[in-house]
Participant: 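Attaching a single structure in structure tokens format; questions to follow.
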Amino acid sequence: MELETMYRSLGISPRVLEFAEETERSLKERFTKIDGRAEYNQLKVIKAMQDNRVSDIHFAATTGYGYNDLGRDTLEAVFASVFCAESALVRPQLISGTHALHIALSGNLRPGDELLSPNGKPYDTLEEVIGIRESVGSLKEYGVTYRQTELLPDGTFDFDGIAKAINGKTKLMTIQRSKGYATRPTFSVDQIGELIAFAKKIKPDLICMVDNCYGEFVDIREPVEAGADMAVGSLIKNPGGGLAPIGGYIVGRKDCIDRASFRLSAPGLGREVGASLGLNQSLYQGLFLSPTVVAGALKGAIFAASLYEKLGFAVVPDSREERHDIIQSITFGTPEGVIAFCQGIQAAAPVDSFVTPEPWDMPGYDSPVIMAAGAFVQGSSIELSADAPIKPPYAVYFQGGLTWYHAKLGILKSLQKLCDAGICRL
Ligand SMILES: *Cc1c(COP(=O)(O)O)cnc(C)c1O
């Protein structure tokens, strides 16, 4: 009763709430399974911190060059343990996921090498990194060629095509775990492992890198455990747990991580420099919270899928499939649907709930994009957020939520906006 009054004070009608509660009850079993994985991953993170003897001295700030930054070096050892990797680079100087991917690629590729993507076109911002879209400073300008194979119609890897594409020059294969701005399925760690085993049989020294954005802690296994030489991601997504104010990570084989470090700072300096500027505590604590935060986000994604599927919209993944990332896409088919959804997400935020998001030409993207986020950390997409390129099929990509209850409110607000605009009827 009190709960209904509270929802009503936040603009949720009794009919929307009732419809949502019914949906939530049907998801009990799935939520229990998510909690089980979160429990495992929470223990994995605690064990990594204990094994590396994390202590309050590691939270001290360093400045200047950052030689012998014990907190930074220990944090990297913790990440390496959690991701079962030999080595890790975890830095506030890695500005974003795109930057971390660029450092991993450009650190490990040399002129004359070829880069292969086995999942078709990679994430939008990588097009300019690679030079698929002409761009100053791209890998293409440095003499790195690029090739891609498309996924099969059922969204799986085209093994024959990949076998044909691998040639004498192929140095690195970049596998994108999450669907990003596409409506294909996300790959499981097992599927990625199968691909890596296949590719390495053809070319044992091929470097296999996984763009792990949005995938961390969704499963109990991570890509390095499935044979990846590197896995790369952003700290303002899953593994920062909402507390990391900036940063990226690259984990994997020591020689690959070392080469990336020489690209990040300078040849000869590598990982020995880079002050942590007092950010270490947030990075440790964010990693600590990440498994439960990811669980909340997953519940939100499944709840949204279930709700909008019932209302007749196409959702990827659907309400019953296994999840391999925290992203949910919902296809509304019209700009109005996409915009109403995003405005609902915005209206549920703890920060900037009073602003109205509009589509804009964002750098790195080839069509206007609308983004809804009322985040504590600017641009953080482990916090409840939604974005959509304003182009057919007019699908919205929804992710995050530091708590399940916030994710739920966001989805209820989106549904309320769609109902109020007459786009859907309960
Ligand atoms: C977010 C994302 C990126 C880029 O990360 P940014 O931090 O936004 O630069 C790359 N690949 C995938 C799959 C992503 O989801």
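Every number for a ligand or one of its atoms is a count from 1 in the order of the listing.
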Participant: Identify whether the distance between the nearest side-chain nitrogen and carboxylate oxygen of Lys299 and Glu24 falls below 4.0 Å.
Facilitator: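 Looking at Glu24 together with Lys299, the answer is no, because their closest N to O distance does not fall below 4.0 Å.
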
Participant: When only distance counts, is Thr98 in polar contact with ligand 1, meaning an N/O pair under 3.5 Å?
Facilitator: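 The answer is yes, given that Thr98 and ligand 1 share an N or O pair closer than 3.5 Å.
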
Participant: Determine whether the side chain, the backbone, both or neither of Lys237 has a heavy atom under 4.0 Å from any heavy atom of ligand 1.
Facilitator: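 The part of Lys237 near ligand 1 is the side chain, not the backbone.
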
Participant: Is it the case that more than 12 heavy atoms not belonging to Lys254 sit under 6.0 Å from its NZ atom?
Facilitator: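 It does not: Lys254 NZ has 12 such atoms or fewer within range.
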
Participant: Can you sort out which atoms of ligand 1 are near Ser96, meaning under 4.0 Å from one of its heavy atoms?
Facilitator: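 So the answer, numbered in order with elements, is 7 (O), 9 (O).
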
Participant: Using heavy-atom distances only, which candidate in Asp387, Thr186, Asp211, Val129 approaches atom 13 (C) of ligand 1 most closely?
Facilitator: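 Looking at heavy atoms only, Asp211 sits closest to atom 13 (C) of ligand 1.
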
Participant: Within the 3.5 Å criterion, strictly below it, is a donor on Asp190 or Ser188 matched to an acceptor on the partner's side chain?
Facilitator: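 No - no donor-acceptor pair under 3.5 Å links their side chains.
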
Participant: If we set the cut-off at 4.0 Å for heavy atoms, which region of Leu101 has an atom near ligand 1: side chain, backbone, both, or neither?
Facilitator: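 Side chain only; the backbone of Leu101 stays clear of ligand 1.
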
Participant: As an exercise, identify every atom of ligand 1 less than 4.0 angstrom from a heavy atom of Tyr214.
Facilitator: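 Counting from 1, the qualifying ligand atoms are 15 (O).
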
Participant: Nearest protein heavy atom to atom 7 (O) of ligand 1, by residue and atom, and its distance?
Facilitator: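 The closest heavy atom on the protein side is Gly97 N, 2.7 Å.
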
Participant: I'd like to know if Lys121 and Glu150 make a salt bridge, using a cut-off of under 4.0 Å between side-chain N and carboxylate O.
Facilitator: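 Not counted as a salt bridge, because no side-chain N and carboxylate O are separated by less than 4.0 Å.
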
Participant: Classify the contact between Gln176 and ligand 1 as side chain, backbone, both or neither, using a heavy-atom distance cut-off of under 4.0 Å.
Facilitator: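 Looking at Gln176 and ligand 1, just side chain atoms fall under 4.0 Å.
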
Participant: Does CD belonging to Glu141 count more than 12 external heavy atoms closer than 6.0 Å?
Facilitator: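 More than 12 heavy atoms, drawn from other residues, nucleotides or ligands, come within 6.0 Å of this atom.
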
Participant: Could you check whether Lys237 makes a cation-pi contact with Tyr123, meaning its NZ or CZ is under 6.0 Å from the centre of the six-membered ring and within 45° of the ring axis?
Facilitator: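 That pair qualifies as a cation-pi contact.
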
